[in-house]
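Read the numbers this way: they start at 1 and go in the same order the structure lists the ligands and their atoms.
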Amino acid sequence: MAYVAIADRDAHAHDPHTFFLKYIWSQDHKVIAIQYSVIAIFVGLIALVLSALMRLQLGFPDTFHFVDPSQYYQFITMHGMIMVIYLLTALFLGGFGNYLIPLMCGSRDMVFPYMNMLSVWVYLLSVLVLLASFFVPGGPTGAGWTLYPPQSVLPGTPGAGWGIIMMLVSLGIFIVAFTMGGLNYVTTVLQARCKGMTLMRMPLSVWGIFMATILGLLAFPALFVSAIMMTLDGTLGTSFFMPAVSSMGADPGHDGGSPLLFQHLFWFFGHPEVYIVALPAFGIVSDLLSTHARKNIFGYRMMVWAILAIGGLSFVVWAHHMYVSGMNPYFGFFFATTTLIIAIPTAIKVYNWVLTLWKGDIHLTVPMLFAIGFIFTFVHGGLTGLFLGNVTVDLPLSDTYFVVGHFHMVMGVSPILVVFGAIYHWYPKITGRMWNVRLGKIHFWLTFLGTYAIYLPMHYLGILGVPRRYYALGDTDFLPPSVHTINAAITIAALVVAGSVVIFLYNMIVSLWKGEKAPPNPWGATTLEWQTPDTPPSHGNWGPRLPVVHRWAYDYSVPGAPEDFTPQNVPVDARYPTGTGHGEG
Ligand code: HEM
Ligand SMILES: [Cu+2]
């Protein structure tokens with residue numbers, strides 16, 4: 001492992017001393033992780049505000065006038081894109097990936113620290129370009145987060161001039177940033193693990209983030225080339241995706257392009273993207289459940305293989321997003337089959353999570369509450385996915401609120417619950433402080449019950465036929481009046497959930513100063529990041545000597561062991577030599 005030596009030397013030779021090198025142009029994976037997370041959470045809050053504005057319009061269409069129809073489309077687009085890419089992808093990989101991979105693998109840092117630093121600044125640039133599109137003539141694009149041409153570049157769509165180009169450029173820059181980070185995550189996992197950390201001893205968090213990064217490296221290029229081709233269609237008048245159309249009485253001069261080609265490229269990226277967000281969540285939630293149930297994860301090997309299988313299969317299901325696109329029905333049959341096959345490894349994971357809890361010594365800590373909440377919302381979103389995966393069931397439900405309910409449940413709420421749980425779980429290590437438990441529990445219950453109140457009724461609205469991406473429903477004949485009452489109730493729930501985010505932020509920020517000092521290993525966890533000599537870990541993570549791993553990541557409640565956890569770096573014969581803190585009685 002040549003890289004260990006290089007990272008080792010670097011960490012000692014250039015210990016940064018000035019403020020700028022330590023906190024701004026830092027090459028320390030932990031600082032970069034925090035930079036990534038702060039930026040991601042900041043834009044995520046913008047997306048949250050946009051969703052609140054949209055909900056006020058949908059719930060009380062005659063009372064509030066915050067958004068006009070064009071803005072509704074612009075907000076929906078920015079909300080969707082920010083949530084999926086700039087918040088969740090960046091936070092799970094750039095944030096958690098950066099923080100956890102070197103610590104959990106027993107490395108000093110990422111293997112290419114300089115490129116890692118560039119990654120976060122290029123990510124910031126992509127965010128600034130994205131946000132700048134709010135201020136350009138015509139405003140941000142209103143094409144929907146799927147950006148389908150021809151409508152995305154034709155006049156008449158909000159932001160068809162500047163907005164869509166800014167979006168495409170921003171996505172291109174994001175992908176450059178992701179690639180620089182992603183190469184680091186993959187190479188570090190493969191090359192810089194400490195002695196004894198075999199692949200099959202890695203915590204599932206690392207497996208999930210590792211596989212998600214590989215998916216990203218394979219899937220983002222499809223989006224990258226589509227963004228370039230569409231930029232050319234929009235600026236130079238090429239016709240990659242633009243067919244011969246007349247638009248608002250004029251001939252924009254395109255001929256021979258294929259809008260369906262864009263849909264294929266977009267979803268060849270877009271479906272794996274769901275798993276780029278889901279796999280890190282799967283991995284992290286496994287570790288939270290095991291740690292807080294004081295039990296080894298059930299079926300570790302199966303969990304690893306399921307992550308690999310899901311990752312592989314996620315590349316052959318993309319056209320289940322295109323059943324209504326007019327493609328050949330036999331094609332639909334193929335994609336329905338592959339989609340249902342993905343349910344198998346996914347179900348295995350769910351069974352294993354539940355079996356991990358079975359007869360565990362369950363501590364209902366705040367991270368554990370969020371982890372259990374995830375199992376509920378994920379099963380819920382997964383089951384409605386089985387409906388939508390079938391061509392004949394999808395046709396009437398496509399583009400209704402059933403879909404909005406489904407995807408928010410499975411790739412909105414579920415990963416966000418894991419993000420919250422993970423922040424609560426690792427906060428003591430990252431900051432050296434504990435947060436307020438009561439506020440944490442209030443935050444959990446408001447979020448968990450609130451999201452059900454938002455998204456469960458949406459499935460019913462969808463079955464009634466309420467269409468998605470509509471600014472207002474008006475007095476549509478086929479919809480019963482109860483639709484309006486339900487919409488008002490959903491909006492109130494959405495505002496409560498948004499309010500609970502304020503409680504969360506307050507808790508996290510105030511605890512930085514007011515929180516109790518955290519012991520080095522407050523949950524009694526086995527993985528390496530809890531065994532660092534300093535809390536928070538210092539530059540280079542491990543002091544003079546790298547850890548050596550002797551066991552897998554899940555030695556909880558081993559019979560005969562003096563404690564109900566045995567850290568990975570404890571030799572197999574000497575059962576309990578570490579003096580790390582052990583709280584959470
Ligand atoms: C409390 C939190 C949230 C609320 C209240 C909310 C609300 C909304 C609303 C009102 C829409 C427009 C629905 C329509 O008119 O068709 C929407 C669309 C969307 N949301 Fe959310 N959302 C939330 C969180 C999230 C999260 C965490 C994600 C992350 C995956 C997400 C991803 C999306 C996507 C991809 C769209 C589709 C955009 C489009 O149709 O182009 N949302 N959301
Ligand atoms: Cu999909």
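Nearest protein heavy-atom contact of atom 29 (C) of ligand 1 is M83 CB, 3.3 Å. In terms of protein heavy-atom proximity, atom 40 (O) of ligand 1 is closest to R469 NE, 2.8 Å. Looking only at protein heavy atoms, the nearest one to atom 8 (C) of ligand 1 is H79 NE2, 3.6 Å. Shortest contact from atom 30 (C) of ligand 1 to any protein heavy atom: M411 O, 3.2 Å. Closest to atom 15 (O) of ligand 1 among all protein heavy atoms lies Y72 OH, 2.5 Å. Protein heavy atom nearest atom 11 (C) of ligand 1, with residue, atom name and distance: M54 CE, 3.7 Å. At the shortest separation from atom 10 (C) of ligand 1 among protein heavy atoms lies R55 CD, 3.8 Å. When hydrogens are left out, the protein atom nearest atom 32 (C) of ligand 1 is H408 NE2, 3.8 Å; that is the closest non-hydrogen contact.
Interatomic distance, CG of L289 versus CG of L204, reported as 10.5 Å (0.5 Å rounding).
With G80, G270, S51, P415 as candidates, the residue nearest to atom 6 (C) of ligand 1 on a non-hydrogen basis is S51. Ranked by closest heavy atom to atom 14 (C) of ligand 1, the top entry among Y73, Y401, F75 is Y401. The closest non-hydrogen atom to atom 36 (C) of ligand 1, taken over W145, F407, Y470, comes from F407.
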I'd like to know whether H321 forms a ring pair (Phe, Tyr, Trp, His ring centres under 6.0 Å) with F335, so could you lay out the CA-CA distance, the side-chain angles of the two residues, the decisive distance to 0.1 Å, and finally the verdict. CA-CA 9 Å; H321 296 275; F335 281 99; over 10 Å; no

Pair Y424-W435, ring pair (Phe, Tyr, Trp, His ring centres under 6.0 Å): steps then yes or no: CA-CA 8 Å; Y424 284 107; W435 29 262; 4.9 Å; yes

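The aromatic rings of F178 and F174 sit parallel, their planes meeting at an angle under 30°, below the 60° perpendicular limit. The aromatic rings of F370 and H443 lie tilted to each other, with the angle between the two planes from 30° to 60°. The aromatic rings of F96 and F92 lie tilted to each other, with the angle between the two planes from 30° to 60°.
The closest donor-acceptor contact from the side chain of T157 to the backbone of V153 lies at 3.5 Å or more, if one exists at all. A donor-acceptor contact shorter than 3.5 Å links the side chain of S414 to the backbone of M409.
In summary, the side chains of S170 and S126 do not present any donor paired with an acceptor at a separation below 3.5 Å, with no hydrogens or angles considered. Q74 and T141 share no donor-acceptor pair across their side chains, judged by distance under 3.5 Å alone. Under 3.5 Å, the side chains of S133 and W162 contain no donor-acceptor pair of N or O atoms. Side-chain contact annotation: H320 with H271, donor-acceptor N/O pair under 3.5 Å present. Y455 and H406 share no side-chain donor-acceptor pair at under 3.5 Å.
At a heavy-atom distance under 4.0 Å, only side-chain atoms of Y455, from C-beta outward, approach ligand 1. At a heavy-atom distance under 4.0 Å, only side-chain atoms of L88, from C-beta outward, approach ligand 1. Here M81 has no heavy atoms under 4.0 Å from ligand 1, in either its backbone or its side chain. With a 4.0 Å cut-off on non-hydrogen atoms, I76 touches ligand 1 through its backbone as well as its side chain.
Rounding to 10 degrees gives 110° for the angle at the Cu ion (ligand 2) between ND1 of H271 and NE2 of H320.
Under a 4.0 Å criterion applied to the non-hydrogen atoms of I416, ligand 1 contributes the atoms 27 (C). For ligand 1, the atoms lying closer than 4.0 Å to a non-hydrogen atom of G144 are 41 (O). Residue R468 has at least one heavy-atom neighbour below 4.0 Å for each of these atoms of ligand 1: 16 (O), 37 (C), 39 (C), 40 (O).
For the ligand labelled ligand 1, residue Y471 lies outside the 4.0 Å heavy-atom shell. Within the 4.0 Å heavy-atom shell around ligand 1 one does not find Y148.
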